[in-house]
2 protein chains.
Amino acid sequence: MPGQVTIAGGAFVGKLIGVGVGPGDPELMTLKAIRLIKECDCIIIPASEKEKCIAYRIAEQAIPEIAEKEIYAFDFPMISDKNRMLEEIDVISEKIINILKKKKNAVFLTLGDATIYSTFMYVLENVKAAGIETEIVSGITSFCAAAARIQIAIGSGNSEIHIISGNDDIEHTSKYRGTRVYMKSGRQLGRLKEYLVEESKKKPLQIYTINNCGMESEEVTYGAEQINADAGYFTIVIVKEANQPAASS
Amino acid sequence: MPGQVTIAGGAFVGKLIGVGVGPGDPELMTLKAIRLIKECDCIIIPASEKEKCIAYRIAEQAIPEIAEKEIYAFDFPMISDKNRMLEEIDVISEKIINILKKKKNAVFLTLGDATIYSTFMYVLENVKAAGIETEIVSGITSFCAAAARIQIAIGSGNSEIHIISGNDDIEHTSKYRGTRVYMKSGRQLGRLKEYLVEESKKKPLQIYTINNCGMESEEVTYGAEQINADAGYFTIVIVKEANQPAASS
């Protein structure tokens with residue numbers, strides 16, 4: 001089987017491959033993601049069932065044959081208590097390690113890219129620590145897809161890009177030069193809106209809000225006042241200095 | 001023809017599609033990139049000839065039929081004088097607009113993703129201003145591919161990500177919390193190395209340098225002292241605070 005390795009003790013074990021399926025449009029999946037999903041022994045999804053897993057629903061549109069694959073579904077905790085979250089991920093990781101020890105090559109589906117704010121990386125660390133081979137296959141990030149959708153440069157020339165996640169702590173971010181991308185703002189969108197409305201009074205800003213990019217419910221608004229505080233988790237806010245043309249620093 | 005639009009005056013013109021081909025591995029191209037390259041009337045490349053165009057050489061590995069496509073090659077200036085660069089891009093844009101006016105749907109090949117430090121965005125602005133339809137198709141960025149290669153999270157939890165390009169001005173970047181990604185350092189790699197060697201004396205850092213990621217000449221080193229100052233343009237340096245585990249904030 002491709003990807004299988006021999007570890008100390010001579011037992012054959014599988015390999016864990018974290019595959020980014022991109023931001024929503026199944027056509028934004030890579031050739032490599034498609035091939036590995038087709039070739040693997042089983043699929044691991046970060047949700048209680050296929051129907052509730054956005055990453056799975058993206059993949060099945062590009063690869064209908066995925067329906068025949070063996071699926072292991074794990075409901076990842078969405079809790080703010082980090083220690084409790086890590087404990088729950090440790091329990092899930094143990095179960096995944098047991099699957100991989102049965103000589104199974106598994107693809108773990110992640111939304112966007114696995115290296116950008118993905119819970120998968122915690123599992124990867126645990127699986128690696130158990131001596132099992134791992135791999136990451138890049139996916140299109142949501143912020144690249146959002147910028148493509150509205151046709152603006154996130155970065156150009158010598159300008160900087162700052163990606164801010166969560167927004168518990170945003171008061172310092174107006175200092176950042178170049179472009180700011182606020183991701184996963186969720187319940188903090190109201191605070192972010194207030195913050196950017198105030199900042200806009202002091203200096204000219206270009207503010208783009210993209211909600212559910214690439215999905216049917218996609219919405220794009222311009223300006224701080226237009227940010228919909230209830231838009232939800234999949235909202236990306238891109239802030240550029242206004243004296244910075246769309247395509248230059 | 002798909003993608004053709006009618007502009008004021010009723011003339012049919014083509015459409016310009018900026019397509020990111022990803023960081024090097026042709027298997028990291030998206031299904032959409034593949035389809036659009038196959039469907040388009042012609043290909044525009046940012047180099048004097050096919051053989052010198054990295055983006056073209058990536059695409060031709062995934063799509064051998066690209067050899068039959070009409071190619072328009074434009075040598076983009078790599079000059080530090082920004083005004084002169086923009087003037088030269090204006091001249092190239094005029095030529096591209098003339099191609100599109102001949103009812104041709106053109107794919108412009110870009111390395112990585114078009115919204116992340118790509119000269120294509122200047123052309124896009126000019127083509128848009130001429131009233132011609134444009135589109136951007138996302139590609140895998142080099143920094144995502146580099147992080148996947150070494151299996152680290154660029155961002156996780158509430159940590160921030162800072163992408164710094166060019167490195168003319170890096171003295172303020174040690175203030176940034178979370179992860180820093182230095183791209184397109186080129187001739188400034190020596191300065192960046194010095195800067196990170198000094199910073200490493202003051203606080204523990206995890207420093208990864210990835211050179212020519214995904215290509216045969218790929219090289220990965222760890223630590224500031226190991227940065228090869230002559231490694232060249234396609235070098236990415238990722239700096240994480242050492243108290244920040246690979247997969248957590």
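Naming: A, B, ... by sequence-line order, numbering from 1 per chain.
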Of the listed A:Gly20, A:Ser138, A:Gly139, the one with the largest count of heavy-atom pairs under 4.5 Å with chain B is A:Ser138
When the 4.5 angstrom heavy-atom criterion is applied to B:Ala145 and chain A, the contacting part is both
Under 4.5 Å to a heavy atom of chain A? For B:Arg35 that would be side chain
With chain A, the option among B:Thr134, B:Ile34, B:Asp113, B:Leu124 that has the most non-hydrogen atom pairs under 4.5 Å is B:Thr134
>> Taking the side chain as everything from C-beta on, heavy atoms only, tell me whether B:Arg177 gets closer than 4.5 Å to A:Asp169.
In response: yes
Honestly, the part of A:Leu28 sitting under 4.5 Å from a heavy atom of chain B is both
NZ of B:Lys32 to CD1 of A:Ile140, rounded to nearest 0.5 Å, is 11.0 Å
Residues B:Thr141 and A:Cys144: closest non-hydrogen pair is CG2-SG, 3.7 Å
Under 4.5 Å to a heavy atom of chain A? For B:Phe120 that would be neither
Note: vs chain B, highest number of non-hydrogen pairs under 4.5 angstrom among A:Gly22, A:Gly18, A:Ala147 is A:Ala147
Cut-off 4.5 Å, heavy atoms of chain A, and the answer for B:Pro26 is backbone
Separation between CZ (B:Arg149) and OG1 (A:Thr115), nearest 0.5 Å, reads 14.0 Å
Nearest heavy-atom contact between B:Ala148 and A:Ile136 is CB-CG2, 3.6 Å
How about B:His172 and A:Glu160: do any of their side-chain heavy atoms sit closer than 4.5 Å?
yes
- request: Decide yes or no for B:Thr30 and A:Met29: does some side-chain heavy atom of the first lie under 4.5 Å from some side-chain heavy atom of the second?
  value: no
The side chain to side chain contact (heavy atoms under 4.5 Å, CB included) partners of A:Thr119 (sequence neighbours excluded) come to A:Phe76, A:Ile89, A:Tyr122
The interface call for B:Ala62 against chain A, heavy-atom contacts under 4.5 Å, is side chain
Bottom line for A:Ala114: the part with an atom under 4.5 Å from chain B's heavy atoms is neither
_Tell me whether the rings of A:Tyr176 and B:Tyr176 are parallel (<30°), tilted (30 to 60°) or perpendicular (>60°)._
perpendicular
Side-chain contact test, heavy atoms from C-beta onward, threshold under 4.5 Å: evaluate it for B:Leu31 versus A:Leu31 and give yes or no. yes
Contacts of A:Tyr117 meeting side chain to side chain contact (heavy atoms under 4.5 Å, CB included) (sequence neighbours excluded), chain-then-number -> A:Ile163, A:Ser165, A:Met183, A:Lys184, B:Ser159, B:Ile161
Rounding to 0.5 Å, atoms NE2 (A:His162) and CD1 (B:Ile164) come to a distance of 7.0 Å
Of all heavy-atom pairs linking A:Gln151 and B:Glu125, the shortest is O-OE2, 4.3 Å
So, the part of A:Lys175 with a heavy atom under 4.5 Å from chain B: the answer is neither
